Student: 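I am attaching a structure below and will ask some questions about it afterwards.
By convention in this document, chain letters (A, B, ...) are assigned in the order of the sequence lines, proteins followed by strands, and residues within each chain are numbered from 1. What's counted below: heavy atoms across the whole structure, side chains too, no hydrogens, waters or symmetry copies. Owing to the predicted nature of the structure, the values given are computational and were not obtained by experimental measurement.
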Amino acid sequence: MDIKVVLPDGAEKLIGKGTKVKEVLKDFLKKDTLGARFNEKIVDLETPISEEGTFGKLLTPEDPESLELLRHTAAHVMAQAVKELFPEVKLGIGPTIENGFYYDFDYERSFTPDDLKQIEKRMKKIIKKRYPLVREEISKEEARKLFTELNEPYKLELIEEIPGDTVSIYRQGDFVDLCAGPHLPHTGWVKAFKLLSVAGAYWRGDENNPMLWRIYGTAFFNREELEAYLKKLEEAKRRDHRRLGKELELFSIEEEVGPGLILWHPKGALVRKIIEDFWKEEHLKRGYELVVTPHIARRHLWQISGHLDFYAENMFAPMKIDEVEYQLKPMNCPFHILIYKSRRRSYRELPIRWCELGTVYRYERSGVLHGLMRVRGFTQDDAHIFCREDQLEEEIFKCLDLTVYFLSTFGFKEYQIFLSTRPEKYVGDEAIWEKAEGALRKALEDKGLAYEIDPGEGVFYGPKIDIKIKDILGRFWQCSTIQVDFNIPERFNLTYIGEDNQRHRPIMIHRALLGSLERFFGVLIEHYAGAFPVWLAPVQAIIITVADRHIPFAERIFERLKGAGIRVKPDFRNEKLGFKIREAQLQKIPYMIIIGDKELENEALTIRTRKGENLPLMSVEDFIARIEEEVSAKTFN
RNA sequence: GCCGGCGUAGCUCAGCUGGUAGAGCAGCGGAUUCGUAAUCCGCAGGUCAGGGGUUCAAGUCCCCUCGCCGGCUCCA
């Protein structure tokens, strides 16, 4: 049976169903044609066409989409190399990931760095051979037979989960793999690759399954791009907040204190204070009220809230005080709820917006802790909004508006936004879920934010919006979350008296915009590589004397700046100028004020910025005005 | 929690196949008074993560515990 396809030049062509792309496009193929776009999908030259559609552009190594083919093939090449070197190995899966690929192997022991070298060597051989990747469609029956012979139990498991009667396999040389593709035409196209690390990974991500060895790698079409990527990894290391946190004396985590518990050092605490002040001020401006609640409460409270039922494994063990069990709080919401309940509420009061920088403690499994990003004690920039159903949409819009205001002020302009909808297990009725989901969606659209829907990923008590921010290296971090809750008002029997003089149930919104101050600070450190913008910098300026005779003048300047509220430090040590500049530079202090003979004579300042430029000689007043301007505008420099 | 790796002076790291710890930076003392990323000299600093074992002898080998790193799972 023939089907109609549109070729890249716009012409239509009738082809037999199942004709391979390389046949269909044979008049268009060039030496560097790797694949093509077909109906929004990427297909390789081996793919059989079985539906009508339109071919888009042909893919060459220049196209970013081609990396998908390349890395997928690189994963196969790696698997082939591993099978050749370690024939007992059983194959798991080997997909491409954001910056490369991996393959999971079942083997009696881990792979060593030395093994990786051997594998890389063998891969190079395979690449040199330029084995064509040949695709075959075979019946599941044949596939079962093939992978039984090959003794690949994991592949057999996969076959059973593929819909339809046939599966595709790709061969290269003697190597066969169950694979949907797409792939490069031959292994020779894997021009530049590197194996990066080995780690244990459960089969299918389930800790009840056996652990396989996952080898990570990356691949590019040329050496330069590979080098650039490796350099980026280095850069990420250089920006690592754990390293900068130590170097800049921002925070530390001490073994004697315990894992996942943060000590904020003076400079870090100062940055935190600036963030907190800004946060509180802005919340008050926007109709929030501040509340403050304790760190522990009777465990009973968590029974009512339901946390003991669904959150117990993340809570610290209870403690007994005067025969009553108390609990370190993992959430702030029950406290805010009890404030709500402290008296009768009228519909006229709603919406009520209560915010708190509330420190919570959650038991995180030891293996997941990571610097400031994943800790056991952290401060949420939390708030709970109690509102009527008809206010929900506007309140969510306001939350989003505030989120974007904060995030963009801190320098994050790109987001990944997810709207999570009703899961299988849920509370509340369907109608209200739909209403809430609609409200979330509408708010996102009104705010002009692009989002993806995560179907069924909502929490059981209500739908939510999660926002991830993109840092300067293109990595995403989950910070903001806005969650609608139909459950907890019910559990605590929250009511308000409506216009009709009847009791009604308010809806609650939980929201954290920065997420946790710890994580947000970590992201900030990495985003700015420790060089905080002037408004956030713990030290905004340092005064550096050239020689001792300049100290009296420098002292006067110091007092003036300090008096003007500038965070300034003196460096009047008897050291060479270059030495003191180097230290200030390493501390990433935005402005270095150099005081020598010239400045003394002119009663003016020479300013060196941390970018290495010298500003023209300026008066103290001008410098103060400059900093004040940058602080109030919260500029990014 | 699971898997692998790691844990030597405040920091970064040497210390080969077991023979009683070493460098640079930081710190302290002194000299130097100097113009844009490291002035010179000297001094001090370590129950080699903690505990147990093997051995004539352990930083080095074995076991346990703690912590860190990279993943898996989970999440602000």
Student: Can you list the residues that meet the side chain to side chain contact (heavy atoms under 4.5 Å, CB included) rule with P330(A), with sequence neighbours excluded?
Tutor: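 Only W302(A), Y311(A), M315(A), R362(A) meet the side chain to side chain contact (heavy atoms under 4.5 Å, CB included) criterion with P330(A).
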Student: Does the separation of the ring centres of H295(A) and F335(A) fall below 6.0 angstrom?
Tutor: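 Ring centres of F335(A) and H295(A) not closer than 6.0 Å.
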Student: Quantified in whole Å, what is the C1' atom distance between nucleotide rU8(B) and nucleotide rC68(B)?
Tutor: 15 Å
Student: Please give, in whole Å, the distance from rA26(B) P to Q587(A) CD?
Tutor: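 My rounded result for the distance is 13 Å.
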Student: Measure from the side chain of F579(A), starting at C-beta and using heavy atoms only, and say which of rC11(B), rG4(B), rA26(B) lies closest.
Tutor: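 Closest nucleotide to the F579(A) side chain: rA26(B).
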Student: For G578(A), which contact category applies under a 4.0 Å heavy-atom criterion: base, sugar-phosphate, or nothing?
Tutor: sugar-phosphate
Student: So does K194(A) have more than 12 non-hydrogen atoms from other groups sitting under 6.0 Å from NZ?
Tutor: no
Student: Under a 3.5 Å limit for both distances, which nucleotide forms a Watson-Crick or G-U wobble pair with rG24(B), could you say?
Tutor: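 Pairing partner, where one exists within any strand: rC11(B).
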Student: For nucleotides rG15(B) and rA9(B), find the distance between their P atoms and express it as a whole number of Å.
Tutor: 15 Å
Student: Taking the six-membered ring where the residue is Trp, are the ring centres of F386(A) and W354(A) under 6.0 Å apart?
Tutor: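 Yes, ring centres under 6.0 Å apart.
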Student: Under a plain distance cut-off of 3.5 Å, with no hydrogens placed, do S252(A) and H265(A) share a side-chain donor-acceptor pair?
Tutor: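 The answer is yes; a qualifying pair exists.
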Student: Between protein and nucleotides 66-76 of chain B, map the contacts as a letter string: B base, S sugar-phosphate only, - none, heavy atoms under 4.0 Å, written 5' to 3'.
Tutor: BSSSBBBBBBB
Student: Determine which nucleotide pairs with rC2(B), using a 3.5 Å limit on both distances of a Watson-Crick or G-U wobble pair.
Tutor: rG71(B)
Student: Return the value, rounded to whole Å, for the distance between atom NE2 of H550(A) and atom P of rU36(B).
Tutor: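 H550(A) atom NE2 is separated from rU36(B) atom P by 14 Å.
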Student: How close or far is atom P of rG4(B) from atom CG of D115(A), stated in whole angstroms?
Tutor: 14 Å
Student: Using heavy atoms to find the nearest nucleotide of RNA chain B for Y363(A) and K576(A) separately, return the residue whose nucleotide is more 5′.
Tutor: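 Its nucleotide being nearer the 5' end, the pick is Y363(A).
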Student: Do L561(A) and I543(A) come close enough that some side-chain heavy atom pair is under 4.5 Å?
Tutor: yes
Student: Applying the Watson-Crick and G-U wobble criteria at under 3.5 Å, what pairs with rC40(B)? Answer none if nothing qualifies.
Tutor: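 WC or wobble partner is rG30(B).
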Student: Hey, can you pull the residues of residues 600-610 of chain A with a non-hydrogen atom under 4.0 angstrom from RNA chain B?
Tutor: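 Within this stretch, T606(A), R608(A) sit under 4.0 Å of the strand.
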Student: Tell me the interatomic distance from D571(A), atom CG, to rU36(B), atom C1', rounded to whole angstroms.
Tutor: 13 Å
Student: Going 5' to 3' along nucleotides 59-64 of chain B, which nucleotides have protein heavy atoms under 4.0 Å from the base (write B), which only from the sugar-phosphate (write S), and which from neither (write -)?
Tutor: ------
Student: Without decimals, in angstroms, what is the distance between K580(A) NZ and rU36(B) P?
Tutor: 13 Å
Student: When the P atoms of rU60(B) and rU54(B) are compared, how many Å lie between them, rounded to an integer?
Tutor: 15 Å
Student: Where is the tightest heavy-atom contact between V375(A) and G377(A), given as atom of each residue plus distance?
Tutor: CG2-O, 3.4 Å
Student: Which value, in whole Å, describes the distance between the C1' atoms of nucleotides rU33(B) and rC40(B)?
Tutor: 14 Å
Student: Do E526(A) and H241(A) have side-chain atoms, one donor and one acceptor, less than 3.5 Å apart?
Tutor: yes
Student: Would you indicate which nucleotide in rU39(B), rC11(B), rG4(B) comes nearest to any side-chain atom of W213(A)?
Tutor: rG4(B)
Student: Tell me which nucleotide, if any, is Watson-Crick or G-U wobble paired with rA58(B) when both distances must be under 3.5 Å.
Tutor: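 With both distances under 3.5 Å required, rA58(B) matches none.
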Student: For the P atoms, the ones on rC41(B) and on rA26(B), what distance do you get once it is rounded to whole angstrom?
Tutor: 13 Å
Student: Rounding to the closest angstrom, what is the interatomic distance between rG59(B) and rG50(B) at atom P?
Tutor: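 Straight-line distance between the two P atoms is 11 Å.
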Student: Could you measure between the two C1' atoms, the one in rC16(B) and the one in rC3(B), and give it in whole Å?
Tutor: 30 Å
Student: Of all residues at least two apart in sequence or in a different chain, which pass the side chain to side chain contact (heavy atoms under 4.5 Å, CB included) check with Q478(A)?
Tutor: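 Residues passing side chain to side chain contact (heavy atoms under 4.5 Å, CB included) with Q478(A): D466(A), K468(A), T481(A), R519(A).
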Student: Between P on rA26(B) and CD on E247(A), what's the gap in Å once rounded to a whole number?
Tutor: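 In whole Å, rA26(B) P and E247(A) CD are 14 Å from each other.
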Student: If you draw the axis of the six-membered ring of F623(A), does the NZ or CZ of R560(A) fall within 45° of it and under 6.0 Å from the ring centre?
Tutor: no
Student: Does E256(A) reach a base, just sugar-phosphate, or nothing at all? Heavy atoms under 4.0 Å.
Tutor: nothing
Student: In whole angstroms, how far is the P atom of rC25(B) from the CZ atom of R243(A)?
Tutor: 18 Å
Student: Once you round to the nearest 0.5 Å, how far does OG1 of T379(A) lie from CD of E356(A)?
Tutor: 9.5 Å
Student: Is the ring centre of W264(A) less than 6.0 Å from the ring centre of F521(A)?
Tutor: yes
Student: Rounded to the nearest Å, what distance is computed from the NZ atom of residue K611(A) to the C1' atom of nucleotide rA37(B)?
Tutor: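 Interatomic distance, NZ of K611(A) to C1' of rA37(B): 17 Å.
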Student: Could you measure between the two C1' atoms, the one in rG7(B) and the one in rU12(B), and give it in whole Å?
Tutor: 14 Å
Student: Residues in side chain to side chain contact (heavy atoms under 4.5 Å, CB included) with K580(A), at least two apart?
Tutor: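 So K580(A) forms a side chain to side chain contact (heavy atoms under 4.5 Å, CB included) with I544(A), T545(A), D571(A), R573(A), E575(A).
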Student: Cation-pi between R214(A) and Y102(A): NZ/CZ under 6.0 Å from ring centre and within 45° of the ring axis?
Tutor: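 Cation-pi check for R214(A) and Y102(A): passes.
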